[in-house]
Asks: 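Got a structure for you, written out below as structure tokens; questions coming shortly.
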Number of protein chains: 2
Amino acid sequence: MLTNAGKYAIRAVIYLAIHSSADKKLGAKTIANALEIPQAFLAQLLRTLTVDKLISSSKGPGGGFFLDDDDRKNTLWQVIVSIDGEHRFQECFLGLSKCDDAHPCPVHHMVSPFKKEMLFNFQERTIAQLIDEIKDNGTVVSLKMSH
Amino acid sequence: MLTNAGKYAIRAVIYLAIHSSADKKLGAKTIANALEIPQAFLAQLLRTLTVDKLISSSKGPGGGFFLDDDDRKNTLWQVIVSIDGEHRFQECFLGLSKCDDAHPCPVHHMVSPFKKEMLFNFQERTIAQLIDEIKDNGTVVSLKMSH
DNA sequence: TGTTTATTATGACAAAAATCATGTTGTGGT
DNA sequence: ACCACAACATGATTTTTGTCATAATAAACA
């Protein structure tokens, strides 16, 4: 459903959404340590996200990655597409290349409704909204691998 | 969510459910051709399923794999567990080792309800029931990779 | 203008998943 | 008893994915 890279990217973006701003930039190393994921690998993902304009970055001393207001209007779906590609998330549960309501795989009707709902969730909600929901919810979300 | 092996296994079991019986056994080669899956790889999966008593087999001429009445009382969930293991299906969407309602990952509330529902579907329905539903539904399900 | 800090870029490396190849054993028919 | 057939068992190979290391480039500040 999601590759490791995609999972890392989502966690990193959410971490940035919570902890960074235009005047509080974070280095790849900082983020990697906080999330307990390999630095160099994360750096590549952050670069890709930067190229796709889903996160912002600045070089030099005091530089780093961050999310500005515009970035926060994007969705996690865009992050997924940027790293894993569009197909990965939507592909047939059994891996068939053609699987839709007209030509369903044997479990299509068991799986399809939930996938659509989930996809919708990722596409509609902006990152800003997601953070708000999390804060409203009260329960402390975890981003680290284990705790 | 599911490994390639798991997807193959499910398709093979459903194929057997539709096309095989105690006096109509099918060789691994036949199934592999029908589903457009690599033979040798499928053969291993079928063997595993046989060991776990989810499908039946008999050696020698006229032998092959098939589903008897007892086999049809099993669920696809058992097939998944047999091939991919229990954890694969249930793991956290973002890969966190601990992710539950008490300690949720940032997208837990967006994903968890659907996963639970889907899991329930796979655990409750027997293979026999699934086949019945498919037949009732009318639309011809596809099992081949492409068509 | 040079030094520091941090991103960018590239390629090598490791691990895991998926695939393939080979020989062995058991079973039924002749 | 022999032969043909198909499952069984094991291990090697390939491919993909993920990880790591290192050098290059850009920006800020003294």
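The chains referred to below are lettered A, B, ... by the order of the sequence lines, with proteins before strands, and numbering in each begins at 1.
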Asks: Using whole Å, report how far CD1 of B/I31 lies from C1' of D/dA6.
Replies: 12 Å
Asks: Judged by each residue's nearest nucleotide on DNA chain D, which is more toward the 5′ side, A/S58 or A/L2?
Replies: A/L2
Asks: Counting side-chain heavy atoms from C-beta on, which of D/dA21, C/dA21, C/dT10 comes nearest to A/A40?
Replies: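 Looking only at heavy atoms from C-beta outward on A/A40, the closest nucleotide is D/dA21.
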Asks: Determine, using ring centers only, whether B/F114 and B/F93 are less than 6.0 Å apart.
Replies: no
Asks: Distance check needed: C/dT4 C1' versus A/K29 NZ, whole Å only.
Replies: 13 Å
Asks: Applying a 4.0 Å non-hydrogen cut-off, can you work out what B/A43 is touching in the nucleic acid: base, sugar-phosphate, or nothing?
Replies: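 If one applies the 4.0 Å heavy-atom cut-off, B/A43 turns out to touch nothing in the nucleic acid.
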Asks: If you define the side chain from C-beta out and look only at heavy atoms, does anything of B/F66 sit under 4.5 Å from B/D68?
Replies: yes
Asks: A/Q44 has a side chain; which of C/dG11, C/dT19, D/dG18 sits nearest to it?
Replies: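 Of all the options, the side chain of A/Q44 is nearest to C/dG11.
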Asks: Given atom CG of B/L45 and atom P of C/dC20, what is their separation to the nearest angstrom?
Replies: 13 Å
Asks: Heavy-atom nearest nucleotide on DNA chain C for B/G60 versus B/P38: which residue maps closer to 5'?
Replies: B/P38
Asks: Taking side chain as C-beta onward, heavy atoms only, is A/F65 less than 4.5 Å from A/V13?
Replies: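 No, every pair of side-chain atoms sits at 4.5 Å or beyond.
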Asks: Go through C/dT7, D/dC20, D/dA7 for me and flag the one nearest to the B/K59 side chain.
Replies: D/dA7
Asks: Between the side chains of B/K73 and B/D70, is the shortest nitrogen-to-carboxylate-oxygen separation below 4.0 Å, so that they form an ion pair?
Replies: yes
Asks: Reckon A/T50 has a side-chain N or O less than 4.0 Å from the OP1 or OP2 of C/dT7?
Replies: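 Checking A/T50 against C/dT7: no side-chain N or O falls below 4.0 Å of OP1 or OP2.
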Asks: Distance check needed: C/dA17 P versus B/I83 CD1, whole Å only.
Replies: 14 Å
Asks: Let me know the distance between CG of B/L49 and C1' of D/dA7, rounded to the nearest Å.
Replies: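 Roughly 14 Å, once rounded to whole Å.
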Asks: Which listed nucleotide (C/dT5, D/dG18, D/dA7) is nearest to the side chain of B/F65?
Replies: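 Nucleotide nearest to B/F65's side chain: D/dA7.
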Asks: Counting the benzene-type ring for Trp, do B/Y8 and B/Y15 have ring centres under 6.0 Å apart?
Replies: no
Asks: Of the nucleotides C/dA18, D/dC8, C/dT5, which one has an atom closest to the side chain of A/P61?
Replies: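 Nearest listed nucleotide: C/dT5.
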Asks: Output the single nucleotide from C/dT8, D/dG11, D/dG18 whose closest atom is nearest the side chain of A/F41.
Replies: D/dG18
Asks: So which nucleotide from D/dT19, D/dA9, C/dT27 ends up closest to the side chain of A/Y8?
Replies: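 It is D/dT19.
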Asks: Which residues in residues 9-20 of chain A have a heavy atom closer than 4.0 Å to any atom of DNA chain C?
Replies: none
Asks: Using whole Å, report how far NZ of A/K24 lies from C1' of C/dA6.
Replies: 19 Å
Asks: Could you check how far CG of A/L26 sits from C1' of C/dT5, rounded to whole Å?
Replies: 15 Å
Asks: Without swapping roles, check the side chain of A/T3 against the backbone of A/G6 for a donor-acceptor pair under 3.5 Å.
Replies: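 Not at all, since once roles are kept as given, no pair shorter than 3.5 Å links the two residues.
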Asks: Between B/N4 (CG) and D/dT15 (P), how many Å, whole number?
Replies: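 Taking CG of B/N4 and P of D/dT15, I get 15 Å after rounding.
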Asks: Is the closest side-chain heavy-atom distance between B/I14 and B/I10 below 4.5 Å?
Replies: yes
Asks: Counting just side-chain N and O atoms, does B/R88 come under 4.0 Å of either OP1 or OP2 of C/dA16?
Replies: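 B/R88 to C/dA16 OP1/OP2: no side-chain N or O under 4.0 Å.
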Asks: Taking 4.0 Å as the cut-off, does a side-chain nitrogen or oxygen of B/S57 come that near to OP1 or OP2 on C/dG26?
Replies: no
Asks: Nearest to the A/A28 side chain among C/dT7, C/dT8, D/dG18, which nucleotide is it?
Replies: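 The answer is C/dT7.
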Asks: Listing request: all salt bridge (Lys or Arg N to Asp or Glu O under 4.0 Å) pairs with a residue in residues 110-126 of chain A, at least two apart in sequence or in separate chains.
Replies: A/D101-A/K116, A/R125-A/E133
